[in-house]
Amino acid sequence: MTYDFKSIEPKWQKIWDEKKAFSAVDGSEKKKFYGLIEFPYPSGAGMHVGHIKAYSGLEVISRKRRMEGYNVLFPIGFDAFGLPTENYAIKTGIHPRKVTDMNIAKFTSQLRRVGFSFDWDRVVDTTDEDYYKWTQWIFLKMFENGLVFRDTALVNYCPSCKVVLSNEDSQGGKCDICHSDIIQKSKDVWYLRITKYADRLLSGLDEVDYLPNIKQQQINWIGKSTGAFVNFTLAGIDEKLRIYTTRPDTLFGVTFMVMAPEHPIIEKYKDRIKNIDAVEAYKAECAKKTEFERTQLVKDKTGVRLDGICAVNPVNGKEIPIYIADYVMMGYGTGAIMAVPAHDQRDYDFAKTFGIDIIEVIKGGDITKEAYTEDGEMVNSGFLNGMTNKKDSIAKMLEYLEEKGIGEAGVQYKMKDWAFNRQRYWGEPIPIVHCPHCGMVPVPYDELPLRLPDMQNFEPGQNGESPLAKVETFVNCKCPKCGGDAKRETDTMPQWAGSSWYFLRYIDPHNENALADPEKLKYWMPVDWYNGGMEHVTRHMIYSRFWHKFLYDIGVVPCDEPYAKRTAQGLILGPDGEKMSKSKGNVVDPNDVVDEYGADVLRTYVLFMGDYTSAAPWSESSVRGCKRFIERVWGMLFMTKGKGSTEKLESAFHKTVKKVSSDIEQMKFNTAIAAMMSLTNDIYENGSLTTDELGIFVRLLCPFAPHICEELWERLGGKGLCSLAPWPVYDESKTKDDTVTIAVQICGKLRDTVQAPADSDQATVEALAKASEKIAKAIDGKQIVKEIYVKNKIFNIVVK
RNA sequence: GCAGGUAUGGCGGAAUUGGCAGACGCGCCGGUCUUAGGAACCGGUGGGCAACCAUGCAGGUUCGACCCCUGUUACCUGCACCA
């Protein structure tokens, strides 16, 4: 009688596979549903239960959609290029191709044991040549359209990984992969001009249904600010010093200027700068600092005055000193600022350190103590004096600047262009040839894919050049344009490249002539529901939205935004409440759970353990609770009767169908499961149920625990697969009880409850309430001021 | 510092969005079966003998507040010398 999951689960997995039960159908007349989960990076450690939770959400929704009659695309793939695999290859001497294949095989077997309803004919592997051919194709299209450029720049460089990192990958001055300190290094860098799409990435958020915190993070990341560019002049030199400010109305309060140490004007006028030695020394000092040090020493302002040149304030003609200081970044705005110490705390700290004048232009604070950054009346500001509204004073100043031709309104973004090359082997080769005559020449489209050469030693070079630079047969080539001797680019793309468009390939994974067929794209796109981790909300999602918008612009995809809806699951913490990690030894392997309790129990537990979107610790004993539930469901098979059930149980069924249906849509899986547990308790209390009722129950539970449900469905004589059987419907009228319990309150405090027919009017309930001994006692001798009746809920008597 | 969020039994968490706080599960207590059980099953379980007291803390609005408002504390997540 005990449920034998060890034989029943593999049985159904095999049947689903043979029948291709979960294949998405191209060219179907049915309504489509495209559910997308973030494809995993196949690491050597295999999956942990966090992956299972991440996929189980849309697994349940996709399964429900199929039962509701949708044509469902629910695919899986592997984001397999990347450093960990390459580092493992360096350490062990096993080729990354082999490592990747082994890891993918391991992940696949783990996923299959859990019984996910993926369409296994559409598996995508970003390291497959037939896949990265199209990643390179998109890159060339971007190159063609002016979205790719190369520049020598100070970049985030990880000395440990020996690789250039994008801004996104080096947050907080730490390498995202190995967590070493990042240093700034001058290098040739490939950039993708994502900033060109900044405004559209921002405005596109209005059209999509993302969780509010996801939207907010993207908004912050793009970091749009509105302000003005102002051209200062250098005294006695015909040269402009351009700055960006959000408060042009404080121009009268400018007492000095600050430039980033790397600002090109220093080099241009080094002959005029009398203390050039000190300036160079300071520059050298800054270059040595890691990003971490540069941002940590917030309070201690350092800098050097440029002796010999000074700036002229365009609104009042005053000459003001210029400093270089590392609190101004070359990468934001123009790399130079006008300093208004009275109303900016950083400028204030700097002015105090260097003994510079502080002029108040906004009244309201005490500038002898700190900068005043709030609103107030404008003073010492010429034509702005007396204005009290920030908006108006900014507008008036902008008008003045534009009239005089010394500045204009402008916007800035925190988002920077995307540093796109890595000096590594295990990535997509950048399909560009460097020709001494023709410059950068794209590899012709018909030569794609540009394959990674087979090689053995993946150690990067000491100066951070790619391992590919050592392969002469790869490097030396003919220029596709002039036919002369040329050299290939040896850097590869970052890991984010392959994941920027994978959801398009799922739609037509074996297409040899296009990244996907336009008709199929038109049918399946956009992704209806995308679920993943919060950690990918800024990087992966912004990158892929950018690529998708570009593909839309060149007519490859049919919609501007790739994801109609985005949600995020919470982490599973270790039993100790800490984040699961190998070093802490608190990782739970899904295989162990399947071995001991079965896939259905694992699936049920990861969704029952708490609110889907928040983090919750793993609890072995709670897993056992789900095991008991599954066993009790199995036990129902021996409780079936042909005849009708009690009205009470029938009503409980209708209520549960309603609740589970709506809870799933809101990802409230924990309460959906709780409702089915409650119904189970009701069934056991009742002692029996009809076979029809059991049929309803197993279809409701099927998205969560499909194996046991298939088995019960078969034994009940259900038609076809339970997984494809129609989703149960409920009768609204039967979800309502005939009698309801009404709480009777005195002055808002519960005093008694009464049973009343549903939808009773106030008089009926009032009579019932007053018939209660407790109520009669409570109101005895008191004056009734007011009576409030909420139908089917409460009756409140207010007494004095 | 900026932005967003959270706070409910011993634990994970519910609460139809202003209407009986603690659903469901774990744990715990008691029982049944057993040579035994860290197995299974059944029953009980916020605190207090009680009146009553309980949703981080202090107020407010309301007939009625976990829910709305004001203030406050703690924690989490993201960004951060962004001009």
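Here is how names work: the chains are called A, B, and so on, in the same order as the sequence lines, proteins then strands, and each is numbered from 1. As the structure is a prediction and not an experimental result, all values here were calculated from the model.
Using a 4.0 Å cut-off between charged nitrogen and carboxylate oxygen, A:R539 and A:E535 do not count as a salt-bridge pair. A salt bridge links A:K369 with A:D366: at least one charged nitrogen is closer than 4.0 Å to a carboxylate oxygen. Ion pairing of A:E596 with A:K627 is absent here, as no side-chain N (NZ or NE/NH1/NH2) approaches a carboxylate O to less than 4.0 Å. Taking the charged nitrogens against the carboxylate oxygens, A:K224 and A:D199 do have a contact shorter than 4.0 Å, which makes a salt bridge. Under a 4.0 Å N-O distance rule, the pair A:K6/A:D4 does not qualify as a salt bridge. Ion pairing between a basic and an acidic side chain is recognised when a charged N comes within 4.0 Å of a carboxylate O; A:K658 and A:D663 show no such pairing. Using a cut-off of 4.0 Å between Lys/Arg side-chain N and Asp/Glu carboxylate O, A:R242 and A:E408 are scored as salt-bridged.
If you check B:rG19, B:rA23, B:rC20 against the side chain of A:S678, the one that comes closest is B:rA23. Across B:rU77, B:rA23, B:rG25, the shortest atom-to-atom separation from the side chain of A:T671 is found for B:rA23. Set against B:rG13, B:rA15, B:rC24, the side chain of A:K668 has B:rA15 as its closest nucleotide. In this structure, of B:rC81, B:rA14, B:rG78, it is B:rC81 that holds the atom nearest to the side chain of A:M329. Proximity note for A:P617 (side chain, C-beta onward) versus B:rA83, B:rG12, B:rG25: the nearest is B:rG12. The A:N681 side chain lies nearest to B:rG25 when the options are B:rA83, B:rG19, B:rG25. Listed nucleotides: B:rU16, B:rA14, B:rA83. Nearest to the side chain of A:D611: B:rA14. Relative to the side chain of A:V790, the nucleotides B:rG19, B:rA83, B:rG13 differ in distance, and B:rG19 lies closest. Listed nucleotides: B:rG4, B:rA23, B:rU16. Nearest to the side chain of A:K793: B:rU16. Minimum atom distance to the side chain of A:N220 is reached by B:rA3, of the listed B:rG19, B:rA3, B:rC81.
Side-chain atoms of A:N681 and A:S678 include no donor-acceptor pair closer than 3.5 Å. Side-chain atoms of A:S225 and A:Y244 form a donor-acceptor pair, as typed in the model, at a separation below 3.5 Å. Side chains of A:Q569 and A:N531: a donor on one and an acceptor on the other come within 3.5 Å.
B:rG12 shows a glycosidic angle more than 90° from 0 and is accordingly assigned anti. Glycosidic torsion of B:rU72 falls outside 90° of 0, placing the base in anti.
Counting to the nearest Å, the P atom of B:rC20 and the CD atom of A:Q755 are 15 Å from each other. If you measure from atom CD1 of A:I788 to atom P of B:rG18, you get 17 Å, rounded to the nearest angstrom. Taking atom CG of A:D249 as the reference point, atom C1' of B:rA83 lies 13 Å away to the nearest angstrom. Following rounding to the nearest Å, A:Q762 (CD) and B:rC63 (C1') show an atom-to-atom distance of 12 Å. To the nearest angstrom, P of B:rC76 lies 18 Å from CD of A:E535. Atom CG in A:L768 sits roughly 19 Å away from atom P in B:rC20 (whole-Å rounding). Atom pair A:L573:CG and B:rC76:P shows a separation of 13 Å (rounding to whole Å applied). In this structure, A:Q217 places its CD atom 8 Å from P of B:rG78, rounding to the nearest Å.
With pairs defined as Watson-Crick or G-U wobble and both atom distances under 3.5 Å, the stems of at least three pairs that touch RNA chain B come out as B:1-7 with B:73-79, B:10-12 with B:24-26, B:27-32 with B:40-45, B:56-60 with B:68-72.
Within the structure, a side-chain polar atom (N or O) of A:N670 is placed less than 4.0 Å from OP1 or OP2 of B:rA14. Applying the 4.0 Å criterion to OP1 and OP2 of B:rA83, one finds that A:Y332 has a side-chain N or O inside that range.
Comparing B:rG25 with B:rG31, their P atoms are spaced 23 Å from each other, to the whole Å. Separation of the C1' atoms belonging to B:rA7 and B:rG13 is 13 Å when rounded to the nearest angstrom. Across B:rC28 and B:rG12, the matching C1' atoms stand 16 Å from one another, rounded to whole Å. Taking atom C1' on both nucleotides, B:rG19 is separated from B:rA58 by 25 Å, rounded to a whole Å. Annotation: B:rG27 and B:rU77 have their P atoms spaced 29 Å apart (nearest Å). Atom name C1', nucleotides B:rC52 and B:rC33: the rounded distance is 42 Å, in whole Å. Taking atom P on both B:rC26 and B:rC42, the two are 11 Å apart, rounded to the nearest angstrom. Rounded to whole Å, the P atom of B:rG5 lies 14 Å from the corresponding atom of B:rU70.
Residues A:K786 and A:S225 each lie close to RNA chain B; by heavy-atom proximity, the contact nearer the 5' end of the strand is made by A:K786. Each of A:N213 and A:C626 was matched to the nucleotide of RNA chain B holding its nearest heavy atom; the match closer to the 5' end belongs to A:N213.
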- Item | Heavy-atom protein contacts under 4.0 Å, nucleotides 38-44 of chain B, coded B base, S sugar-phosphate only, - none | --SSS--
- Message: Run A:F704 and A:F608 through ring pair (Phe, Tyr, Trp, His ring centres under 6.0 Å) and show every step you take.
- Response: CA-CA 10 Å; A:F704 298 87; A:F608 179 66; over 10 Å; no
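Residue A:K770 places its NZ atom among more than 12 non-hydrogen atoms of other residues, nucleotides or ligands, all under 6.0 Å distant. Residue-environment remark: NZ (A:K791) stays at or below the threshold of 12 foreign heavy atoms within 6.0 Å. Other residues, nucleotides and ligands place no more than 12 heavy atoms under 6.0 Å from the NZ atom of A:K579.
Among the heavy atoms of the strands, none lies under 4.0 Å from A:S614. Counting non-hydrogen atoms under 4.0 angstrom, A:A615 reaches the backbone sugars and phosphates but no base.
For A:Q745 against B:rG19, a side-chain-to-base donor-acceptor contact under 3.5 Å is present.
With A:T250 contributing its side chain and A:V340 its backbone, the two residues share no donor-acceptor pair below 3.5 Å.
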Every protein N/O within reach of nucleotides 47-52 of chain B N/O, cut-off under 3.5 Å:
none

